[in-house]
Amino acid sequence: MKKSCWILAAWVAGAVTAGPVPRNVVLFIGDGMSTPQRMVAEEFARKAGTGPLAMNALPNQATTRTCSASSLVTDSAAAATAIACGVKTRNGSVGVDAEGRRLESCAEVAKRTGRQVGIVTSVTINHATPAGFYAHQRQRSMLYEIGLDLVRSGFDLFMGGGLAGANDKTGRVEDVGNLYDYAAALGWTVVEGRGGFDALAGTSAHPIWYRDGEQALPYAIDAANGANPRLPELTRFALDYLDGRADEKGFFLMVEGGRIDWAGHANEAAANLRDLLELDAAVKVALEFQAAHPDTLVIVTGDHETGGMTMGFAGTGYAFYMERLAHQTCSSDAFRDRYHALKAKKGTTFDDVAALITASYGFKFAPDEAGGKNDPMVLKQGDIDSLKRHFEGGGLTDKLRRLMQNTAGVGWTTGSHTGLPVLTTSAGPGAERFTGLLDNTDIAKTIKSFYE
Ligand SMILES: [Zn+2]
């Protein structure tokens, strides 16, 4: 274990501040994770007897502004650029400023100054948030170019979903063919799926790139047990791998819980909180690492709020029944697939679908012994009639999704992002720098100050 040292940093104004400098930095970003998301998951976990959340209990807390250069409501690209590079840019841009000039991210500074660098996400690896740390493109939709930036980043580890647009080189300025093949030709060890991940145990290969497949990882609520590794397992591997290769300068690791945002766009609380709880499990892994390596700073932030989520809505008055979300066993996307497969079968009736509804959302069509007479999961006749109409006329999945939000008392105002601030929490050397009212750019500025 290396002891964290103290530096003196001279500021432009001439003031001198001193503070501990971490050897390792682990930055968690919950995409679309603001205070409502963190607190819905918190109350859900407390009710289930598994709370409080590790990320919410960290000793240093800061309210963090999220606006971009072009709007009070940021997108993920501008937010990632601010958090990674310390500069506000236009919505849609990654790693460049509002005029398109290239910026340097804290991950790139870490690399340039001799540190190990890793990027982990639960969504596609060239999605906006991870891209903010290694890519420099005016548009987040330039997926092939962002993938090219990844391959040429010089970073040590990438883990997550696939690379969107790996073959999408049509009309590009530069065409190096399939990007996985190009990466392999440049010396990357690229592995896929559970088998590929397990084969990495104790590897000396470098650099390494694990991908789940071609897409994002499934929602946590839909993830099959023992299938491909999830965020906590990826985080554990990344910490050990980077630590094993690091010298006294340590490493920088960014871990993104990316599908919290996707569930926010879908206005679906059960999927939202399950992915958030999975990110919290990854935070716990980092805190265990920190206990053995106290020279490690752990930071947990969000890039923006998604969905305008609230705890309570008009239909439930002064009540919030987040425990009812525990009845939901799959995302509405997964339900829709199963429902459509069932409905495609000849002779499927509403009664056949009713069983699937009960298994997926916990809604009951009649009281049973377990729930008793006042079981809140028993559907009212009006709702049953409405579900039957949607079975005939379409839109059943969306009706069920809304019914679930209303039953739990979760309100949503938008299918997009909002301008709410996010919460940044932290522990470890340097964490005292992340308190009070912050701007999202302060995160990158502070991390960079540890390195230079
Ligand atoms: Zn985002």
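Predicted, not measured: the structure shown is a model, and the values here were computed from it. Numbers here simply count residues along the sequence, with the first being 1.
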Hey, are Lys111 and Asp156 close enough for a salt bridge, meaning a charged N less than 4.0 Å from a carboxylate O? yes
How far apart are the C-alpha atoms of Arg194 and Glu233, what are their side-chain angles, what is the distance that settles it, and do they pass the salt bridge (Lys or Arg N to Asp or Glu O under 4.0 Å) test? CA-CA 11 Å; Arg194 170 56 73 182; Glu233 197 174 355; 2.8 Å; yes
Flag this pair as yes if the NZ/CZ of Lys343 is under 6.0 angstrom from the six-membered ring centre of Phe391 and inside a 45 degree cone about the axis; otherwise no. yes
Looking at Glu43 and Lys47, is there a salt bridge between them, counting it only when a charged N and a carboxylate O are closer than 4.0 Å? no
Find out whether the Lys NZ or Arg CZ of Arg324 is both under 6.0 angstrom from the six-membered ring centre of Tyr321 and within 45° of the ring's axis. yes
Is there a side-chain contact between Pro20 and Glu432 in this structure, where contact means two heavy atoms from C-beta onward sitting under 4.5 Å apart? yes
Paired with Tyr144, the side-chain contact (heavy atoms from CB on, under 4.5 Å) test is passed by just one of Val176, Asn126, Leu163, namely Val176
Could you walk me through whether Lys88 and Asp439 satisfy the salt bridge (Lys or Arg N to Asp or Glu O under 4.0 Å) test, starting with their C-alpha distance in whole Å, then the side-chain angles of each, then the deciding distance to 0.1 Å, before giving a yes or no? CA-CA 10 Å; Lys88 301 276 192 196; Asp439 192 86; 3.0 Å; yes
Charged N to carboxylate O below 4.0 Å: is that the case for Glu288 and Arg236? yes
Backbone N or O of Ser105 within a donor-acceptor pair of the Glu108 side chain at under 3.5 Å? yes
From CG (Asn440) to NE2 (His304), nearest 0.5 Å: 10.5 Å
Should the pair Arg211 and Tyr180 be classed as cation-pi, given the thresholds of under 6.0 Å to the six-membered ring centre and 45° from the axis? yes
Any Lys/Arg nitrogen of Lys284 or Asp280 sitting under 4.0 Å from an Asp/Glu carboxylate oxygen of the other? yes
For Arg115, does the CZ atom have more than 12 heavy-atom neighbours from other residues, nucleotides or ligands under 6.0 Å away? yes
